[in-house]
Amino acid sequence: MSKELTSRAEDYSQWYNDLVIKGGLADYSAVRGCMVIKPYGFALWENMRDQLDRMFKETGHVNAYFPLFVPKSLFEAEEKNAEGFAKECAVVTHYRLKGDPEKKGKLMVDPEAKLEEELVIRPTSEAIIWNTYKDWIQSYRDLPLLINQWANVVRWEMRTRLFLRTAEFLWQEGHTAHATKEEAIEETVKMLNVYAEFVETYMALPVIKGVKTANERFAGAEDTYCIEALMQDGKALQAGTSHFLGQNFAKAFEVQFLNKENKQEYVWATSWGVSTRLIGALIMAHSDDQGLIIPPRIAPQQVVIVPIYKGDESKPAIDAKANGIMTALKAKGIRVKYDNSDTSRPGWKFAQYELQGVPVRIAMGLRDMENNVVEVARRDTKEKSSVSMDGLADHISNLLEEIQDTIYQRALAFRNENIRPANSWNEFIQLLDEKAGFVSAHWDGTPETEEKIKELTKATIRCIPLDNKQEEGVCVLSGKPSTQRVLFARAY
RNA sequence: CGGGAUGUAGCGUAGCCCGGUUAUCGCGCCUGGUUUGGGACCAGGAGGUCGCAAGUUCGAAUCUUGCCAUCCCGACCA
């Protein structure tokens, strides 16, 4: 493993790749477009997943699991959705291999084993789920149906990037059914808020809640709500989406219920998801040229203790002290590791744990023991301080909260500094090119203008913020009247 | 799927133009020793179908053709 990381200024993309690979989060795999999530990266995902799962359960949802394969006839039932995903579907056509008579020891697809009906590998599960819900929903008493699943999905992308865009990725998808339109919309917004709270509170990443324009909307949805985050290079990243699906899937799959008046009605639906892409967002928002910076609340390791000793005679004493500290920290629920391996030296360990973004490092040697102190280094600011061993666990516990807050405030300040209003076309393109970030501008509300702006600048409308203030203005491109500003940015 | 580039040990590479002993160097790895307050040092050692296949040749990492894979730039996308 090379010691050198590419700096952000030198090559932002390469910096990102270096962090993922050298930080031990993931690896390239033998399969084109697919990655291996390594134990450290998966531990991070597990922490995110577990917290989200708690939040879903608190809001009344339960988990279930639906098949990976979707028969083509089901997949195509909701036309807009099918059309939206058609270009990136992997399809299973055969169910057997056999020995290749031409090439000894090689296998070939058995042409005799062609499937009657092709199976689409889910790019998302609406089709298989709504086909199932049809049988589960008969009466208003069966509603609402609030189900989530943790799963993998496959979208055959032309170009991939670790965590941000891979052919297979992990996510959760919530699929709910409701008796009324109002209730479904309420659910859509509720889950958007859950996402925003999770991302801001646990990932320390400020987001803008908004609604997508028709162009950017999920295929098959009536409305797509989103949370948008800003990366350090000034590009926006969609961190989560929540869709109000109207009755589109209910009608496509004939999901009706008898209401209290004994009349058949189509149910109202939502779906919502976040994926391992969030890990990419986390990396690009917080990390620096020394490596990853992971917020304490989701960090696989929150504290690492590194002993410093001369010769073997001082080691047992340091071990004993370190174990005492570990016990105290664990009692406070802190995820701590004592790295007393003698296969690498302290300096190497320091660099390694900085690369991996462990929020707090405690170093202790004989000198510290004599003074009843330890050296505490925080990853986010690189500050080092000498801290008394008395009450150390409380100090660390508070420090972790402070780090969480510092990381969030830093990201928030950066985000806020990088939302700029543009009142003319010249100003608009100048801001996009020179400053990046979000540009807040008037738009005439037509897909044509949005498309034109995308062609000219590569910037898209990231969202119409939910709390948007209404103001008279004219579209930056067309000059037509507009009632509000929307957020533009170049995006991942 | 178009345009460009690259494939040599786990990683990064030299050699290729101009074919010729046992394929270079660094990191990492293994053994022993000395070390340990910011990526240690010394000595010894292991590790290779030179992406795959065919061709040219007395002889191919090197030349030719085909294939495969990866990366970058486009179109597509969470």
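As the structure is a computational prediction, the values presented were derived from the model and not from experiment. Chain letters run A, B, ... following the sequence lines, proteins first, then strands; residues in each count from 1.
- Nucleic acid contact for L164(A): base, since at least one base atom lies under 4.0 Å from a heavy atom of the residue.
- Checked against a 6.0 Å centroid threshold, the rings of W272(A) and F56(A) count as neighbours.
- Between the P atom of U36(B) and the CG atom of D319(A) lies a distance of 17 Å, rounded to the nearest Å.
- Contact annotation for F169(A): base contact, defined as any heavy-atom pair under 4.0 Å involving a base atom.
- The C1' atoms of G74(B) and C67(B) are separated by 25 Å, rounded to the nearest whole Å.
- Between the C1' atoms of G15(B) and U8(B), the separation comes to 9 Å (whole Å).
- Between the side chain of R345(A) and the base of G37(B), no donor-acceptor pair of N or O atoms lies under 3.5 Å.
- Taking atom OH of residue Y492(A) and atom C1' of nucleotide A78(B), one finds them 14 Å apart after rounding to whole Å.
- Distances were taken from every side-chain heavy atom of W348(A) (C-beta onward) to each of G39(B), G74(B), G37(B); the shortest belongs to G39(B).
- If you measure from atom CD of E228(A) to atom C1' of A78(B), you get 10 Å, rounded to the nearest angstrom.
- Panel note: side chain T406(A), backbone E402(A); a donor-acceptor pair is recorded below 3.5 Å.
- Here, C50(B) and A61(B) have their C1' atoms 5 Å apart, quoted to the whole Å.
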What protein N or O atoms touch nucleotides 30-33 of chain B N or O atoms at under 3.5 angstrom, if any, and at what distances?
none

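- Of the candidates G38(B), A78(B), G74(B), A78(B) carries the atom nearest the E157(A) side chain, counting heavy atoms from C-beta on.
- Using cut-offs of 30° and 60° on the angle between ring planes, the pair F198(A) and Y202(A) is parallel.
- For U65(B) and A23(B), the P atoms lie 28 Å apart once the distance is rounded to whole Å.
- Under the side-chain hydrogen bond (donor to acceptor under 3.5 Å, both in side chains) criterion, the residue pairs touching residues 234-246 of chain A are K212(A)-Q238(A), T224(A)-H243(A), T241(A)-H243(A), with sequence neighbours excluded.
- Using a cutoff of 4.0 Å between basic side-chain nitrogens and carboxylate oxygens, R8(A) and D18(A) are not scored as salt-bridged.
- The residue among D342(A) and R155(A) whose nearest nucleotide of RNA chain B lies closer to the 5′ end is D342(A).
- Residue R161(A) is classed as having no contact, given no heavy-atom separation below 4.0 Å to the nucleic acid.
- Between the CG atom of N17(A) and the P atom of C72(B) there is a distance of 7 Å, rounded to whole Å.
- No hydrogens or angles were tested; on distance alone, a donor-acceptor pair under 3.5 Å links the side chain of K384(A) to the base of G38(B).
- Between the NZ atom of K458(A) and the P atom of C73(B) there is a distance of 10 Å, rounded to whole Å.
- Residue contacts for Q238(A): at a heavy-atom cut-off of 4.0 Å it reaches the sugar-phosphate backbone alone, with no base atom in range.
- A salt bridge is defined here as a Lys NZ or Arg NE, NH1 or NH2 lying under 4.0 Å from an Asp or Glu carboxylate O, and E354(A) with R361(A) meets this definition.
- With sequence neighbours left out, E46(A) forms a salt bridge (Lys or Arg N to Asp or Glu O under 4.0 Å) with no residue at all.
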Pairing string, 5' to 3', for RNA chain B - Watson-Crick or wobble contacts under 3.5 Å, brackets [ ] where pairs cross, | to another strand: (((((((..(((.......[....))).((((((.....)))))).....(((((..]....))))))))))))....
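- A straight line from CG of D27(A) to C1' of C11(B) spans 11 Å, rounded to a whole angstrom.
- By the 4.0 Å N-to-carboxylate-O rule, D50(A) lies too far from R54(A) to be salt-bridged with it.
- Using a 30° and 60° split on the angle between ring planes, F253(A) and F249(A) fall in the parallel class, below 30°.
- Between the side chain of R155(A) and the backbone N or O of P123(A), at least one donor-acceptor pair lies under 3.5 Å.
- For F85(A), the ring pair (Phe, Tyr, Trp, His ring centres under 6.0 Å) criterion is met by F218(A), not counting sequence neighbours.
- Straight-line distance from the CD atom of Q290(A) to the P atom of G39(B): 14 Å, rounded to whole Å.
- Comparing C11(B) with G47(B), their C1' atoms sit 14 Å apart, to the nearest whole Å.
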Y16(A)/D233(A) under side-chain hydrogen bond (donor to acceptor under 3.5 Å, both in side chains): CA gap, chis, key distance, verdict: CA-CA 11 Å; Y16(A) 174 81; D233(A) 62 347; over 6 Å; no
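- Using a 4.0 Å heavy-atom cutoff across all strands shown, T166(A) reaches at least one base atom of the nucleic acid.
- Which of U36(B), A78(B), A75(B) sits closest to the side chain of S275(A) comes down to A78(B).
- A gap of 35 Å separates the C1' atoms of U56(B) and G10(B), to the nearest Å.
- Position along RNA chain B of the nearest nucleotide to M364(A) versus A491(A) favours M364(A) as the more 5'-ward residue.
- Considering only side-chain atoms of I308(A), the nucleotide from C76(B), G74(B), U36(B) that sits closest is U36(B).
- Side-chain proximity of R159(A) to the nucleotides G74(B), G39(B), C73(B) is greatest for C73(B).
- Taking atom CD1 of I362(A) as the reference point, atom P of G37(B) lies 19 Å away to the nearest angstrom.
- Listed for the T446(A) side chain is a donor-acceptor partner under 3.5 Å among the backbone atoms of T449(A).
- Distance check on atom C1': C68(B) versus A54(B) gives 14 Å, rounded to whole Å.
- Proximity note for Y28(A) (side chain, C-beta onward) versus A78(B), C71(B), C72(B): the nearest is C71(B).
- Note on D288(A) versus K382(A): salt bridge recorded, some NZ/NE/NH1/NH2 to OD/OE distance being below 4.0 Å.
- Of the residues in residues 365-375 of chain A, those with a non-hydrogen atom less than 4.0 angstrom from any atom of RNA chain B are G365(A), L366(A), R367(A), D368(A), E375(A).
- The gap from the C1' atom of U35(B) to that of A43(B) amounts to 15 Å, rounded to the nearest Å.
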